[in-house]
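Below you'll find the structure, written out as structure tokens, and then a few comments.
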There are 4 protein chains.
Amino acid sequence: MTTQPRPDMQRDAERTRAELLAVATEVFAESGYSGARVDEIAERTRTTKRMIYYYFGGKEQLYMAVLENAYRGIREAEQRLQVDHVDPVVAMRRLAELTFDHHLDHQAFIRLVSIENIHRGEYIGRLDSLRTLSRPATSVLDEILARGREKGVFRTDVEALDVHIVISSYCVFQVANRYTFGFLFDVDFTELGQRAHMRRMIGDVVVGWLTTR
Amino acid sequence: MTTQPRPDMQRDAERTRAELLAVATEVFAESGYSGARVDEIAERTRTTKRMIYYYFGGKEQLYMAVLENAYRGIREAEQRLQVDHVDPVVAMRRLAELTFDHHLDHQAFIRLVSIENIHRGEYIGRLDSLRTLSRPATSVLDEILARGREKGVFRTDVEALDVHIVISSYCVFQVANRYTFGFLFDVDFTELGQRAHMRRMIGDVVVGWLTTR
Amino acid sequence: MTTQPRPDMQRDAERTRAELLAVATEVFAESGYSGARVDEIAERTRTTKRMIYYYFGGKEQLYMAVLENAYRGIREAEQRLQVDHVDPVVAMRRLAELTFDHHLDHQAFIRLVSIENIHRGEYIGRLDSLRTLSRPATSVLDEILARGREKGVFRTDVEALDVHIVISSYCVFQVANRYTFGFLFDVDFTELGQRAHMRRMIGDVVVGWLTTR
Amino acid sequence: MTTQPRPDMQRDAERTRAELLAVATEVFAESGYSGARVDEIAERTRTTKRMIYYYFGGKEQLYMAVLENAYRGIREAEQRLQVDHVDPVVAMRRLAELTFDHHLDHQAFIRLVSIENIHRGEYIGRLDSLRTLSRPATSVLDEILARGREKGVFRTDVEALDVHIVISSYCVFQVANRYTFGFLFDVDFTELGQRAHMRRMIGDVVVGWLTTR
DNA sequence: TATGAATGAGGATTCATTCAT
DNA sequence: TATGAATGAATCCTCATTCAT
């Protein structure tokens, strides 16, 4: 009697793996690497803890799979950020604002990034797949910057990566440091007025900076 | 000969407590709250694990003491940031750069802040002492901004807190997101040239932004 | 060949749980709640300490499981106490004596009851299963009392619960207060002559009391 | 310079010791031997934990001092139980009722007795002072019984110790088993009506029993 | 006689992981 | 591919007791 791989079984396997990954993403983002509990991940799943070892090998590998998956997803989402406007100043402002929104939409990811930095990037550093993944996200910036320089509206001593750092730091901050900053300065970054204010501000900052001669 | 309150005994207790606090600060900053081990903290000390419970009551209270102490220390250090220059533009640039340096000098603190944000600020929120501690650090900004506005060189729709957010996010980022950002974009934030570049840049950003009419 | 739910595996779990419960009953009865050691319970078992947490959740829950199990067992044993004699006086005496024997046979249980009372019943009070368990043990008394009243041999101002209190207190006392009473009055409640004397006496007391006009 | 024993110091010492003993009695009665915390005893005192070791030697010796002190106090209180009535039936009923009240008045003591029995009397057994303390409390019973027998109203096959067991078990029970019994049978032994009922009942029981021919 | 600091041994609990089926 | 049972190695915490002054 021969055993044949049933196609639906294959699919079930994929589904189980995907479910574990999704739940693990939540739990790691929620509690950090050390704080996350393998038991909790399993419990929030329809499968058992044993499957984590079956599919991923252990907590560490699961965490790394979560990291990789999250970065891959973000990369794809970023590539969908399209800013098509002829005026580079308008385009730059839009990009800043879209990035702002984008971070708000992916808070779990930003928490994962914070967590990974707490671990000094030791896990992401072992993810060769991310290393070979095409360098992210600065091509749009490159292009806007180039057009702005051509038109003579942008300063010429700034590179795409510089702008990316400025925008990223600001956008990450609103999510990653929300709690302590909010507590100490009595601001609520989630309040809609404050959020709109901050969204406008990052455009002002970047455009103001870049258009300085 | 008069009997005086034995200062050495008093000091021994104080010393033990202080040593525990110092080591705990290191370990928590290193490994996070869940990742930190009470045993490790004790081992790095001249005393025993038991003393943690004697002086602080437990891991959680020790962590909160670390948080409080770190914030208090930072507050004091911040208050020493003096920027006295008549020209508000120069002053603003200096403040940005000093803040940049200041963050570099207190990386453990910034890691603690990241960690606390991963915990959604649940511990800092219970530190009433921090709540009542005078609102931090914007008075210098207030003053520079006011002078700049008077002189007509700064835009008038920006508040001190706004500037603080921009500067803070950038300065925190260089420390807190160093690992993942460095890995993905192949930059080394600790390399001296890069560091100088970024130091200059935060001045450019803030001044460029604020001097936009 | 049909696949059946593996009864042996199921049973192994049940066996482990049951063994833990049995040993825990001994140890708690021996040393009290605070005095009992989780380690000791585990050591007397073929399994490990870890299993206590796996099956019960903790020391407290294990203790409560022990309590519940003990009460349930006693209830069943009590229901087997049958006194069928036409003469209510004879029946009453027999019931008293059987209860006396019954207490002697379940000394661990009585120790557990003492222990739980030291804790002011805080654990038993949380055992809803015991609360909903049918009220125990007075139905036999009810019936004997009713027959005795009908025949005019028993006083009519006494309820089953009253008789139960008198019998219980006496029977519990011989077990629960054996050591201090024995020491102070130089009696040995375990000595067979003394035991027979006391067994006869509880019958005398109850019958004498109930047959008083 | 000579050090002289100050008389008030002597008295302070006595006071400290007495306070420790009083508080320890409370705490041991409250929590049992294993459950009681040396720290808690000290904290409830104006002195420090060190004094327990200074005055008593350790937890165990403190507990034994508590036991001894409690028994001595009870003995004295018992000796004040006077029942002077010519009619032995009335006297016996009174004695039962006074004993009932007496137990209600000394619940901490009864808890201590329960606790000591949980420990199988191992501590009281080492208190030689209690052993040599005159045999307690049956002299009054002896006398009432003798008068009752003389008058022909009491049965003759009952000794003082027997009566003492019956009364004691009942009176101890109302205090020592209050919680579990109350829970299971839904009775409240502290409710005044129930208490009065039970007080009358022990008189009925004893008198009914003793006056049976 | 008194005190605050200190401690080692033990005690309860948790965790990631593996085994048997 | 899946599962419930099992586990050893930590991990946090507590306790009675002693030390230095």
Side-chain angles (χ1 to χ4, degrees), chain A residues 3 5-6 9-10 12-13 16-17 34-42 46-55 57-60 62, chain B residues 3 5-6 8-17 34 36-42 46-60 62, chain C residues 3 6 8-17 34-42 46-60 62, chain D residues 3 5-6 9-10 12-13 16-17 34-42 46-55 57-60 62:
Chain A
T3 314
R6 288 175 300 153
M9 206 149 141
Q10 200 72 14
D12 275 4
T16 301
R17 217 192 103 97
S34 316
R37 298 292 164 242
V38 170
D39 276 280
E40 192 191 345
I41 294 171
R46 278 166 315 176
T47 52
T48 69
K49 188 166 43 163
R50 188 65 188 74
M51 290 301 95
I52 289 172
Y53 294 87
Y54 188 80
Y55 282 113
K59 185 186 185 180
E60 189 174 312
L62 176 58
Chain B
T3 312
R6 287 152 305 173
D8 44 290
M9 193 153 138
Q10 206 69 14
R11 193 170 298 132
D12 269 7
E14 208 43 61
R15 197 177 291 160
T16 302
R17 216 193 104 99
S34 317
R37 298 290 164 243
V38 168
D39 278 277
E40 193 192 342
I41 294 171
R46 278 167 317 171
T47 52
T48 67
K49 183 170 43 164
R50 186 60 190 77
M51 287 297 96
I52 289 172
Y53 296 88
Y54 186 73
Y55 281 109
F56 298 94
K59 184 184 184 181
E60 188 174 313
L62 177 58
Chain C
T3 313
R6 287 152 308 174
D8 43 290
M9 193 153 139
Q10 207 70 14
R11 195 170 299 132
D12 268 9
E14 207 43 61
R15 198 177 292 160
T16 302
R17 217 193 103 98
S34 316
R37 297 291 164 241
V38 168
D39 277 278
E40 193 193 343
I41 294 172
R46 278 168 317 172
T47 53
T48 69
K49 183 170 45 162
R50 186 60 189 75
M51 287 296 95
I52 289 172
Y53 295 88
Y54 186 73
Y55 282 109
F56 297 93
K59 184 183 183 181
E60 188 174 314
L62 176 58
Chain D
T3 314
R6 288 176 300 153
M9 205 150 143
Q10 200 72 13
D12 275 4
T16 301
R17 216 193 104 98
S34 317
R37 297 292 163 244
V38 170
D39 275 281
E40 194 192 344
I41 294 171
R46 279 166 315 175
T47 53
T48 69
K49 189 165 42 162
R50 188 63 188 78
M51 289 301 96
I52 289 171
Y53 294 87
Y54 188 81
Y55 283 111
K59 184 184 185 181
E60 189 173 312
L62 176 58

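Per chain, numbering begins at 1; letters A, B, ... match sequence-line order.
Residues from residues 34-42 of chain C lying near DNA chain E, meaning a heavy-atom separation below 4.0 Å, are C:Ala36, C:Arg37, C:Val38, C:Asp39 in numerical order.
Mapping B:Met51 and C:Glu60 onto DNA chain E via the closest heavy atom, the residue that lands nearer the 5' end is B:Met51.
Remark: A:Thr47 is not in phosphate contact with F:dA2, judged by side-chain N or O atoms under 4.0 Å from OP1 or OP2. Contact annotation: C:Tyr54 side-chain N/O to F:dA5 OP1/OP2 distance is under 4.0 Å. The phosphate of F:dT17 has OP1 or OP2 within less than 4.0 Å of a side-chain N or O from D:Tyr53.
Candidate nucleotides F:dA5, E:dT3, F:dA6 were compared by shortest atom distance to the side chain of D:Thr48, and E:dT3 ranks first. In this structure, the nucleotide among E:dT13, E:dA2, F:dC13 sitting nearest to the side chain of C:Lys59 is E:dT13. Listed candidates were E:dA6, E:dT17, E:dA20. Nearest to the side chain of A:Lys49 is E:dT17.
Taking a pair to require two hydrogen-bonding distances under 3.5 Å in either a Watson-Crick or a G-U wobble arrangement, F:dT21 pairs with E:dA2. Pairing partner, E:dT13: F:dA10, with both Watson-Crick or wobble hydrogen-bond distances short of 3.5 Å.
Between D:Gly35 and C:Ser34 the shortest heavy-atom distance is CA-OG, 3.5 Å.
C:Tyr55 comes within 4.0 angstrom of the backbone, heavy atoms only, and of no base.
The CD1-P distance, from C:Ile52 to F:dA5, rounds to 17 Å in whole Å. The CZ-C1' distance, from C:Phe56 to F:dA6, rounds to 15 Å in whole Å. Taking atom CZ of D:Arg50 as the reference point, atom C1' of E:dT7 lies 14 Å away to the nearest angstrom.
The line from CD1 of B:Ile52 to NZ of B:Lys59 is 10.0 Å long, rounded to the nearest 0.5 Å. To the nearest 0.5 Å, atoms OG1 (A:Thr47) and OH (A:Tyr54) are separated by 12.5 Å. Expressed to the nearest 0.5 Å, how far OH of A:Tyr53 lies from OG1 of A:Thr48 amounts to 11.0 Å. Distance CE/C:Met51 to OG1/C:Thr16: 8.0 Å, rounded to 0.5 Å.
Counting heavy atoms from C-beta outward, B:Val38 and B:Leu62 have side chains that stay 4.5 Å or more apart.
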